[in-house]
Amino acid sequence: MTKVLVVEDTPSNKELVLEILNGEGFAAHGAEDGTEAIKMAEKELYDLVLMDLILPDMDGIEATRAIKSNCAYKDVPVIALTAHAMKGDKERILNEGCFDDYMSKPIDITDFMKKIDKYKK
Amino acid sequence: MSLKDVEDVESEAMIAQRIKRIMEIGWDRFETRHKRKDGRIIEIEASVNYMNIGGGKFFVFMRDMTEKKRMEELRLEHARLVLANQAKSEFLAVMSHELRTPLNAVIGFSELMKAKKAGDLNEKQERYMDNILSSSKHLVSLITDILDLTKVEAGKIELVIEKIAMPGAINEILNLLIATAEKRKVIFKTEIDPQLDYIEADRQRFKQILFNLVSNAVKFCKEGGGIVTITAKIEGDMAKISVSDTGIGIKEENLGKLFQPFMQIDMSFSRKYGGTGLGLAISKQLVELHGGKIRAESKYGEGSTFTLLLPLKAKKHE
């Protein structure tokens, strides 16, 4: 089963994404801040990471860099999943160079799954 | 003419006091305002030296500071505006983010419910879910549109000017709307002058404007359908593009309100016809940003015509 780490600090949004992914045959786990995400990524090798950008302890870019500094995660895709959805945000975020893709909130479940299914193992 | 005739700020007593002090200390430098012969008031800086020779002599140098003062004020005002604008942009970015976050859960869970991921729904529950979904999606478009409008108003939108081929761009928009038009029994007609082969504009924004006009024309058609005619031709150095419909029309007293934000003529309109009520306000701003004009004519009960005038050649921005 494809293992997904969902980093999201808003409980309802975390539950939503976990609910969608687990309902579609993924094994999705949630982390509510950067520190927890880094710890979880050390304990288990995930196949995909969905990363919120604003977290209580650090931003998603910092958390992603920390996770990717582990060699095992070199080729693991990290997708930014963010409510920063004004014009230009996508380009600005992808330009940070640490994300493999970008999705904006609110998500449309059909579009969301289309994107995520590409990473299914 | 004595000093009190030209002095605009200080009273006679103040002038006397100042002269007395200058005679004691020997000099002074100060700013004040003087009246010129033609009555105009100027800002001046005066340097006065007093020498106790030949019964006492004053040496006065005066500099016209009007221009310098004005520049200074302008610079301060500009700095204030830049700061205010930055604060506004930051506020909008935060607001967009904060509103989208809870909407993500509202829309997402509604979709899950509708997809019966939490069990079967009865007919009423399904209708309620549809209402929640369409309202929250409407809210998302409102957020997007409000931010768009505010960005245009704040001059934050930079146009990317390129050559846009006609009638290709017009047909592209019609293709996007053909399905909706068919549903409402609306037929498209085009009358495009072949001499109008291209205009210079921002492609994305041009499409946004035209899409708005044509989708309005389709939206406000009469119950039994109608005809939407798009005409395009050259008029002087402008491209004149009109979108006419045979729809419900607009009362004369309401024509003036059309391009104001949130001015769908009647609040019940947005429930019946959808839309954010910001489309025309945004379109007007975008047209004016291009150096163009937009206007509306209408006969209530017969239909409306929206006319777009856009420069064929874009003005170069400095």
Side-chain angles (χ1 to χ4, degrees), chain A residues 4 6-26 28 30 32-33 50-56 58-61 79-93 95-96 102-117, chain B residues 88-119 129 132-152 154-160 202-205 207-208 282 286 289:
Chain A
V4 188
V6 178
V7 191
E8 165 69 68
D9 65 321
T10 311
S12 56
N13 284 334
K14 187 169 75 187
E15 190 187 339
L16 173 71
V17 177
L18 292 179
E19 195 77 12
I20 296 170
L21 290 175
N22 290 328
E24 296 285 336
F26 290 82
E32 64 180 30
D33 57 35
L50 298 183
M51 180 67 75
D52 191 8
L53 279 191
I54 297 185
L55 298 167
M58 61 183 84
D59 64 34
I61 294 163
I79 302 178
L81 181 57
T82 173
H84 285 294
M86 287 172 72
K87 257 183 207 109
D89 279 344
K90 180 180 178 179
E91 292 71 22
R92 187 174 55 80
I93 289 161
N95 271 343
E96 289 288 338
Y102 162 99
M103 276 191 275
S104 66
K105 293 183 221 169
I107 55 169
D108 175 288
I109 294 184
T110 317
D111 294 344
F112 177 79
M113 282 318 300
K114 237 187 251 165
K115 219 162 219 191
I116 299 291
D117 268 336
Chain B
K88 186 176 170 188
S89 301
E90 275 159 33
F91 171 76
L92 288 172
V94 171
M95 192 182 77
S96 159
H97 181 270
E98 294 308 300
L99 293 176
R100 280 169 189 276
T101 300
L103 274 169
N104 186 48
V106 175
I107 293 177
F109 281 113
S110 309
E111 282 185 345
L112 285 182
M113 289 278 272
K114 239 197 98 179
K116 309 206 166 114
K117 299 283 183 191
M129 287 322 299
I132 296 175
L133 258 179
S134 61
S135 302
S136 39
K137 284 190 172 162
H138 179 72
L139 199 48
V140 177
S141 4
L142 269 175
I143 296 168
T144 314
D145 277 4
I146 291 173
L147 289 173
D148 208 14
L149 180 67
T150 324
K151 266 163 72 183
V152 195
K156 283 263 167 191
I157 287 191
E158 276 179 34
L159 298 179
V160 184
D202 181 303
R203 181 180 298 274
Q204 198 197 345
R205 297 302 181 177
K207 283 186 181 174
Q208 185 179 351
I282 295 174
L286 289 173
L289 206 59

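Reminder, nothing fancy here: chain letters follow the sequence lines and each chain counts from 1.
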Does any heavy atom of chain A fall under 4.5 Å from the side chain of B:A115, the backbone, both, or neither of them? neither

With a 4.5 angstrom heavy-atom cut-off, is it the side chain or the backbone of A:D89 that approaches chain B, or both, or neither? neither

Pairwise distance CZ(B:F109) to CD(A:E15) - rounded to 0.5 angstrom: 4.0 Å

CD-CD1 distance between B:E111 and A:I107, expressed to the nearest 0.5 angstrom: 7.5 Å

Would you give the length of the straight line joining atom CD of A:E24 to atom NZ of B:K117, rounded to the nearest 0.5 angstrom? 5.0 Å

Name the region of A:T10, side chain, backbone, both or neither, that has any atom closer than 4.5 Å to a heavy atom of chain B. side chain

Quick one: CG on B:L112 to CD1 on A:I109, what's the gap to the nearest 0.5 Å? 4.0 Å

If I take atom CD1 from residue B:I107 and atom CG from residue A:L16, how far apart are they, to the nearest 0.5 angstrom? 10.5 Å

Nearest heavy-atom approach of A:M86 to B:L147 is CG-CD1, 3.9 Å

For A:S12 against B:A105, the heavy-atom pair lying closest together: OG-CB, 3.6 Å

Give, as side chain, backbone, both or neither, the part of A:L53 having an atom under 4.5 angstrom from any heavy atom of chain B. neither

Going from CZ on B:R100 to NZ on A:K105, what distance comes out if it is rounded to the nearest 0.5 angstrom? 11.0 Å

Quickly, which of B:L139, B:L99, B:L103, B:T101 forms a side chain to side chain contact (heavy atoms under 4.5 Å, CB included) with A:P106? Name it, please. B:L103

Determine whether more than 12 heavy atoms belonging to other residues, nucleotides or ligands lie under 6.0 Å from atom CE of B:M113. no

Option that, when pairs with chain B are counted at under 4.5 Å, heavy atom only, ranks first among A:D108, A:T82, A:D52, A:V17: A:D108

